[in-house]
Amino acid sequence: MEKLETKRLLLRPLTIDDSGRIEELAGDYDVAKSTLNIPHPYPKGSAIQFIESIFNAEKNNKILMFAITEKELQLLIGLININLSSPYNRGELAYWVGKQYWGKDYGTEATKKVMEYGFNHLNLNKIFAASFTSNPGSWRIMEKVGLKYEGTLKQHVARFGQFYDLAYYGLLKEEFKTETQNKSTNNK
Ligand SMILES: CC(C)(COP(=O)(O)OP(=O)(O)OC[C@H]1O[C@@H](n2cnc3c(N)ncnc32)[C@H](O)[C@@H]1OP(=O)(O)O)[C@@H](O)C(=O)NCCC(=O)NCCS
């Protein structure tokens, strides 16, 4: 699996050694509460099984998971993944960033890079993502990277005893190509 580089970030494959840091950052209720999969409280030691399950899923082409690391400090600050649906040549983005790193545009920087990778290198036909409508940090990232709003599924999921509406955003390869071409023409 490749490493992806942005101005401030290195997105790299997970290693078992990341387990402690994942537990530390994802163990924060404010990070877990707007995701569907992060357990809370995060059981001590269980991130190792999580990482092993990711290795398995990667072998089966179900997922690509990147540790989001600050380039300078080489410190893991979050995770971003693209779930792959091979029959449809489609990928679903999901991400979290440790709370002390929120609001620095890291989420947007990482998501933009993985989206470009999905279209340009994985040759996906569609990339989409979903977020609770009550989680503006997440749907703003989707808007900022150029995903388009497709609709909202009402009370589609429940988390910690409360139902949530899910907003879906997506982009097709043909739309991505057109937008990329337009940008390069406008920059000339
Ligand atoms: C959602 C999350 C990834 C955002 O990461 P981040 O690195 O802080 O995001 P960015 O700094 O790139 O900011 C994204 C945009 O959302 C906005 N935003 C962030 N939090 C917000 C809030 N609470 N209310 C309104 N806007 C908010 C930012 O201002 C920014 O938009 P702007 O540039 O127009 O100002 C992070 O908050 C997180 O990990 N949350 C917990 C897990 C989660 O919700 N994951 C997504 C599940 S779908």
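One-based numbering, in listed order, for ligands and for the atoms of each.
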Asks: Of the choices Gly103, Gly137, Ser131, which has the non-hydrogen atom that lies closest to atom 6 (P) of ligand 1?
Replies: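 Selected option, by shortest heavy-atom distance: Gly103.
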
Asks: Are Asp18 and Leu79 close enough that some pair of their side-chain heavy atoms sits under 4.5 Å apart?
Replies: no

Asks: Is there a side chain to side chain donor-acceptor pair (under 3.5 Å) between Lys173 and Asn123? Walk through the geometry before answering.
Replies: CA-CA 8 Å; Lys173 181 163 52 185; Asn123 211 19; 2.9 Å; yes

Asks: Among protein heavy atoms, which lies nearest atom 3 (C) of ligand 1, and at what distance?
Replies: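 It is Tyr95 CD1, 3.7 Å.
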
Asks: Of Ile141, Leu79, Thr111, Leu36, which has the heavy atom at the shortest distance from atom 5 (O) of ligand 1?
Replies: Ile141

Asks: To which protein heavy atom is atom 26 (N) of ligand 1 closest, and what is the distance rounded to 0.1 Å?
Replies: Pro136 CB, 3.9 Å

Asks: I need the nearest protein heavy-atom contact for atom 42 (C) of ligand 1: residue, atom name and distance, please.
Replies: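 Of the protein heavy atoms, Val31 O, 3.4 Å lies nearest.
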
Asks: Between the candidates Tyr101, Trp139, Trp102, which shows the shortest non-hydrogen contact distance to atom 36 (C) of ligand 1?
Replies: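 When every heavy atom of Tyr101, Trp139, Trp102 is considered, Trp102 comes closest to atom 36 (C) of ligand 1.
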
Asks: Just verifying a value: how many Å separate Met65 CE and Ile82 CD1, rounded to the nearest 0.5 Å?
Replies: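 Going from CE on Met65 over to CD1 on Ile82, the span is 11.5 Å.
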
Asks: Quick test of your reading of the structure: of Ser138, Ser34, Ala167, whose heavy atom lies closest to atom 44 (O) of ligand 1?
Replies: Ser34

Asks: Looking at Lys7 and Glu109, is any side-chain nitrogen of the basic one under 4.0 Å from a carboxylate oxygen of the acidic one?
Replies: no

Asks: Please step through side chain to side chain contact (heavy atoms under 4.5 Å, CB included) for the pair Thr152 and Tyr168, ending with a clear verdict.
Replies: CA-CA 6 Å; Thr152 293; Tyr168 278 83; over 6 Å; no

Asks: What part of Phe132, side chain, backbone, both or neither, has a heavy atom within less than 4.0 angstrom of ligand 1?
Replies: neither

Asks: Rounded to the nearest 0.5 Å, how far does CG of Leu36 lie from NE2 of His156?
Replies: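 Separation between the atoms: 9.5 Å.
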
Asks: For ligand 1, does Thr108 get within less than 4.0 Å through its side chain, its backbone, both, or neither, judged by non-hydrogen atoms?
Replies: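 For Thr108, backbone and side-chain atoms both sit under 4.0 Å from ligand 1.
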
Asks: Considering only heavy atoms of Thr35, which atoms of ligand 1 have at least one such atom less than 4.0 Å away?
Replies: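 That gives atoms 42 (C), 43 (C) of ligand 1.
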
Asks: Going by a strict under-4.0 Å cutoff (protein heavy atoms only), does atom 29 (O) of ligand 1 have a neighbour on the protein?
Replies: no

Asks: State yes or no: do Leu75 and Tyr95 share one hydrophobic cluster built from I, L, V, M, F, W and Y residues joined by side-chain heavy-atom distances below 4.5 Å, directly or via other members?
Replies: yes

Asks: Suppose I only count heavy atoms of Lys104 and a 4.0 Å limit; which atoms of ligand 1 are within that range?
Replies: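 Answer, ordered by atom number: 11 (O).
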
Asks: Using a 4.0 Å cut-off to any heavy atom of Ala130, which atoms of ligand 1 qualify?
Replies: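 Selected atoms, number and element: 48 (S).
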
Asks: Identify whether Leu76 and Leu10 are in the same connected component of the hydrophobic contact network (ILVMFWY, side-chain heavy atoms under 4.5 Å).
Replies: no

Asks: Between Asp105 and ligand 1, which residue portion shows a heavy-atom distance shorter than 4.0 Å: side chain, backbone, both, or neither?
Replies: both

